[in-house]
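Report on one structure; see the data block that follows.
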Amino acid sequence: MTTHDVDVVVIGAGFAGLVAARELGRGGLDVLVLDARDRVGGRTWTDHRLGHQLELGGTWVHWVQPHTWAELTRYGLGIERTPAAEEAYWLGADEVRRHGTVEDLMTVIDAAQQRIVDDVRAAIPRGVEPTVGAIQQLDALSIQDRFDALDLPAEERNANEAVWVGHVNAPLDRVGLSSALRWVAATGGHWQLMHEVSSTYRVVGGMSGFAAAIAADVPGEIRLSTAVTRVEQADGVLLVGCADGTVVRARRVVSTLPVNAIGGIDWSAELPAAWRRANKEKVASQGVKVWIKVRGRVPRFVGYTSQRHPLSVLKSELVDDDSTVLVAFGPDHTALDTTDLAQVQAAVDAFRDDLEVLEVTAHDWMADPWAATTWMTHRPGQLTRDLAELQEPWGQVHFATSDNASLWGGFVDGAIESGLREARLILAEVPR
Ligand SMILES: Cc1cc2nc3c(=O)[nH]c(=O)nc-3n(C[C@H](O)[C@H](O)[C@H](O)COP(=O)(O)OP(=O)(O)OC[C@H]3O[C@@H](n4cnc5c(N)ncnc54)[C@H](O)[C@@H]3O)c2cc1C
């Protein structure tokens with residue numbers, strides 16, 4: 001008598017789930033992927049809006065991200081550069097708007113960007129081991145603590161802090177210094193390279209095309225619009241209950257739910273302590289990514305206000321004949337109503353007063369119950385306290401998510417790493 005319907009149920013068809021399912025299926029196990037959404041890709045989503053294919057979630061990739069790059073090579077996908085900015089806007093002392101070349105802006109931010117990660121080699125000697133090194137002592141600090149210790153003049157402080165809001169998507173007193181250190185450690189200690197990684201090259205055909213390429217390679221069913229509501233571990237078999245009433249019996253489950261969303265399933269027993277703790281606290285990131293169409297062909301620019309503004313980062317991405325599409329990031333999704341054109345116009349005016357906002361679009365990932373997160377950044381202390389435990393299997397349940405990756409945690413690369421890791425563990429223990 002068979003005690004199971006499939007060998008493995010993978011919950012989630014984002015990058016972690018798709019890669020795990022492909023590896024498990026290719027390794028000879030029956031695999032079923034269940035996702036609550038009506039599409040694959042999870043926190044990446046290329047959608048046609050404002051007349052363009054826009055990335056509403058994860059976008060930028062780089063060849064120093066080994067897991068991402070291996071997948072792009074495998075599927076023959078190319079990258080294209082977001083065109084470089086010709087002009088820069090930032091705030092001077094007393095918040096007076098400044099305008100200059102990108103080189104001018106670099107002279108404002110260069111020294112402090114280096115100083116906040118000066119000790120990266122001692123903090124995290126190997127990017128692949130983000131909890132080993134002086135990080136153990138430093139993890140109590142926030143990025144804000146580092147900036148406060150530098151005691152920068154207002155102009156440098158505003159721009160530098162805004163740059164980091166762009167990276168970590170939250171007010172800086174909420175985010176562990178670990179996020180700055182681990183990603184710069186992943187680029188061999190070079191902050192300029194880390195900046196390039198997180199904002200320069202996008203995948204030709206979009207992230208949804210990338211996810212679709214992996215999905216097409218999964219030797220098993222991917223069932224969409226199927227929310228998992230309950231998982232029960234009973235007598236060597238897992239019962240996976242769905243919102244439509246279906247119950248699937250499996251030998252293993254891979255959960256790819258983000259830390260913030262893990263409570264969306266009734267696990268029928270107490271989750272491991274690290275998952276309960278981290279889900280209760282929530283991770284740090286909580287911001288917005290907004291696409292804004294403005295009138296006219298605007299010369300390519302980048303702008304930074306401060307972390308106190310609803311939008312801290314603004315840059316031109318796509319230029320049409322009579323309009324330009326900008327992308328912006330802010331630290332707090334509750335600080336800006338992206339459906340209110342006047343609010344968005346005011347947020348744009350803080351960078352420069354010559355742009356007329358025509359249309360706006362965004363996806364509120366924080367309000368999305370299947371994500372409840374943008375890209376994961378840790379609060380102070382969470383990385384060293386929880387990472388190892390979050391990677392541990394819990395009986396027959398495994399956890400693969402960018403949120404528990406070692407190298408590029410928070411990025412697509414981390415999602416792929418985690419999917420490969422958990423598939424390998426399962427293949428080593430489940431007989432075919
Ligand atoms: C605005 C934004 C910008 C970003 N920018 C970048 C970037 O430039 N570069 C980069 O590398 N990364 C970026 N990221 C991060 C990157 O997108 C994520 O780290 C990565 O996509 C996470 O993949 P994952 O598979 O771990 O999780 P997810 O993609 O979140 O996948 C989890 C899946 O589980 C499903 N799920 C959740 N609950 C249930 C349930 N109960 N039942 C069934 N299914 C469920 C969800 O629908 C989802 O599809 C960004 C993210 C956002 C939101």
Side-chain angles (χ1 to χ4, degrees), residues 9-21 33-46 54-62 65 67-69 71 82 166-169 183 186 197-203 207-208 210-211 214-215 222-231 240-244 253-267 283 285-291 327-330 333 362-366 368-377 399-405 407-419 422:
V9 166
V10 175
I11 309 174
F15 277 86
L18 292 173
V19 165
V33 183
L34 302 174
D35 200 297
R37 301 181 195 280
D38 60 2
R39 56 174 184 81
V40 300
R43 277 176 277 168
T44 63
W45 182 17
T46 320
L54 299 182
E55 298 290 1
L56 300 174
T59 309
W60 289 292
V61 299
H62 200 278
Q65 297 181 315
H67 306 92
T68 296
W69 199 254
E71 296 293 331
T82 297
H167 291 317
V168 298
N169 210 223
W183 295 337
V197 168
S198 62
S199 61
T200 312
Y201 294 97
R202 52 194 181 209
V203 175
M207 295 304 276
S208 291
F210 185 12
I214 306 175
I222 300 174
R223 203 177 291 168
L224 298 176
S225 304
T226 307
V228 172
T229 51
R230 183 175 163 83
V231 175
V240 181
C242 305
D244 62 6
V253 160
V254 179
S255 164
T256 71
L257 273 64
V259 162
N260 284 4
I262 195 90
I265 291 178
D266 169 6
W267 292 92
V283 298
S285 43
Q286 56 159 34
V288 283
K289 174 179 184 180
V290 192
W291 289 94
V327 68
F329 295 89
H333 75 121
H363 180 72
D364 188 350
W365 295 98
M366 295 301 294
D368 174 336
W370 315 121
T373 330
T374 58
W375 63 96
M376 191 280 308
T377 55
F399 300 99
T401 161
S402 181
D403 297 12
N404 73 2
L407 183 56
W408 284 101
F411 286 73
V412 166
D413 187 88
I416 298 167
E417 173 200 312
S418 71
E422 297 309 317

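Side-chain atoms are counted along with the backbone in the values below, which use heavy atoms only and exclude waters and symmetry mates. Both ligands and their constituent atoms are indexed starting at 1 by order of listing.
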For this session: For atom 4 (C) of ligand 1, find the nearest protein heavy atom and state the residue, atom name and distance (0.1 Å precision).
Result: Gly58 CA, 3.2 Å
Seminar exercise, completed: Short version for Leu56: what comes under 4.0 Å of ligand 1, heavy atoms counted, is backbone
Exercise. How close do Gly41 and Ala211 get, heavy atom to heavy atom, and via which atoms?
Worked result: CA-CB, 3.9 Å
Exercise. Which heavy-atom pair separates Val253 from Val240 by the least distance, and what is that distance?
Worked result: CG2-CG2, 3.6 Å
For this session: Within a distance under 4.0 Å of any heavy atom of Phe15, pick out the atoms of ligand 1 and give their elements.
Result: 25 (O)
Problem set entry | Subset of ligand 1 atoms that lie under 4.0 Å from at least one heavy atom of Ile265 | 41 (N)
Exercise. What residue among Trp183, Trp69, Tyr201 forms ring-ring contact (aromatic ring centres under 6.0 Å, His included) with His62?
Worked result: Tyr201
Exercise. Is Trp370 touching ligand 1 with its side chain, its backbone, both, or neither, if touching means heavy atoms under 4.0 Å apart?
Worked result: both
For this session: Looking only at protein heavy atoms, identify the closest one to atom 26 (O) of ligand 1 and say how far it is in Å.
Result: Ser402 N, 2.9 Å
Exercise. Is there a donor-acceptor pair under 3.5 Å between the side chain of Glu55 and the backbone N or O of Met207?
Worked result: yes
For this session: Answer whether the closest heavy-atom distance between the side chains of Asp403 and Asn260 falls below 4.5 Å.
Result: no
For this session: Go through ligand 1 atom by atom and flag the ones less than 4.0 Å from a non-hydrogen atom of Thr59.
Result: 5 (N), 6 (C), 7 (C), 8 (O), 9 (N)
For this session: Report, in ascending order of atom number, the atoms of ligand 1 lying under 4.0 Å from any heavy atom of Gly42.
Result: 29 (O), 48 (C), 49 (O)
Exercise. Under 4.0 Å from any heavy atom of Trp365, which atoms of ligand 1 are there?
Worked result: 1 (C), 53 (C)
Exercise. Looking only at protein heavy atoms, which one is nearest to atom 23 (O) of ligand 1, and how far off is it?
Worked result: Ala415 CB, 3.4 Å
Seminar exercise, completed: For Ile11, the atoms of ligand 1 under 4.0 Å from one of its heavy atoms are 42 (N), 43 (C), 44 (N)
For this session: Find the distance between CD (Gln286) and OG1 (Thr377) and round it off to the nearest 0.5 Å.
Result: 9.0 Å
For this session: Consider every N or O of Arg43 and every N or O of ligand 1, then say whether any pair is closer than 3.5 Å.
Result: yes
For this session: Please say which of Met376, His67, Glu417, Gln65 ends up in a side-chain contact (heavy atoms from CB on, under 4.5 Å) with Phe411.
Result: Gln65
For this session: Specify side chain, backbone, both or neither for Val228, according to which of its non-hydrogen atoms lie closer than 4.0 Å to ligand 1.
Result: both
Exercise. Which is closest to atom 48 (C) of ligand 1 in terms of heavy atoms, Asp368, Asp35, Thr68, Ile262?
Worked result: Asp35
Exercise. Which residue owns the protein heavy atom closest to atom 31 (O) of ligand 1, what's the atom, and how far is it?
Worked result: Gly14 CA, 3.7 Å
For this session: Over all heavy atoms of both residues, which pair between Asp368 and Arg37 is shortest? Give the atoms and the distance, please.
Result: OD2-NH1, 2.8 Å
For this session: Would you please name every residue forming a side chain to side chain contact (heavy atoms under 4.5 Å, CB included) with Asp266, sequence neighbours left out?
Result: Arg230, Ser268
Problem set entry | Region of Lys289 that comes within reach of ligand 1 [heavy atoms, distance under 4.0 Å] | side chain
Seminar exercise, completed: The atoms of ligand 1 lying under 4.0 Å from a heavy atom of Thr226, numbered in the order shown, are 43 (C)
Exercise. If hydrogens are left out, which of Ala227, Gly57, Gly410, Ala16 has an atom nearest to atom 25 (O) of ligand 1, that is, the closest non-hydrogen atom?
Worked result: Ala16
Exercise. Among all protein non-hydrogen atoms, which one is nearest to atom 21 (O) of ligand 1, and what is the separation to 0.1 Å?
Worked result: Thr44 CG2, 3.7 Å
Seminar exercise, completed: Those residues at least two apart in sequence (or on a different chain) that pass ring pair (Phe, Tyr, Trp, His ring centres under 6.0 Å) with Phe210 are Phe15
For this session: Mind running side chain to side chain contact (heavy atoms under 4.5 Å, CB included) on Lys289 and Thr59 for me, showing each step along the way?
Result: CA-CA 11 Å; Lys289 174 179 184 180; Thr59 309; 2.6 Å; yes
Exercise. Would you call Arg223-Asp244 a salt bridge at under 4.0 Å N-O?
Worked result: no
For this session: Could you pull out the closest heavy-atom pair between Thr256 and Gly12, with the gap in Å?
Result: OG1-CA, 3.3 Å
Exercise. Does the side chain of Trp60 pick up a donor-acceptor pair with the side chain of Thr82 at under 3.5 Å?
Worked result: yes
Exercise. Among the heavy atoms of Leu18, does any lie under 4.0 Å from an atom of ligand 1?
Worked result: no
Exercise. Where do Trp375 and His167 come nearest, in terms of heavy atoms and distance?
Worked result: NE1-O, 2.7 Å
For this session: Among all protein heavy atoms, pick the one closest to atom 11 (O) of ligand 1 and tell me residue, atom and distance.
Result: Val412 N, 2.9 Å
Seminar exercise, completed: heavy-atom search around atom 34 (O) of ligand 1 in the protein gives Gly12 CA, 3.3 Å
Exercise. Which ligand 1 atoms, with their elements, are less than 4.0 angstrom from a heavy-atom of Leu257?
Worked result: 37 (C), 38 (N), 39 (C)
Exercise. Is it true that Val61 lies under 4.0 Å from ligand 1, counting heavy atoms only?
Worked result: no
Exercise. Hey, does Ala400 come in under 3.5 Å of ligand 1, counting only N/O atoms on both sides?
Worked result: no
Problem set entry | CH2 on Trp365 to CG on Leu56, rounded to 0.5 Å | 6.5 Å
Seminar exercise, completed: Heavy-atom nearest pair, Thr373 first then Ser285, reads CG2-OG, 3.8 Å
Problem set entry | Close approach of Gly264 to ligand 1, heavy atoms, under 4.0 angstrom | no
For this session: Please write down residue, atom name and distance for the protein heavy atom closest to atom 43 (C) of ligand 1.
Result: Ala36 N, 3.3 Å
Problem set entry | Under-4.0 Å heavy-atom contact with ligand 1, by part of Thr229 that carries it | neither
Problem set entry | Test of proximity, Trp60 against ligand 1: N or O pairs below 3.5 Å | yes
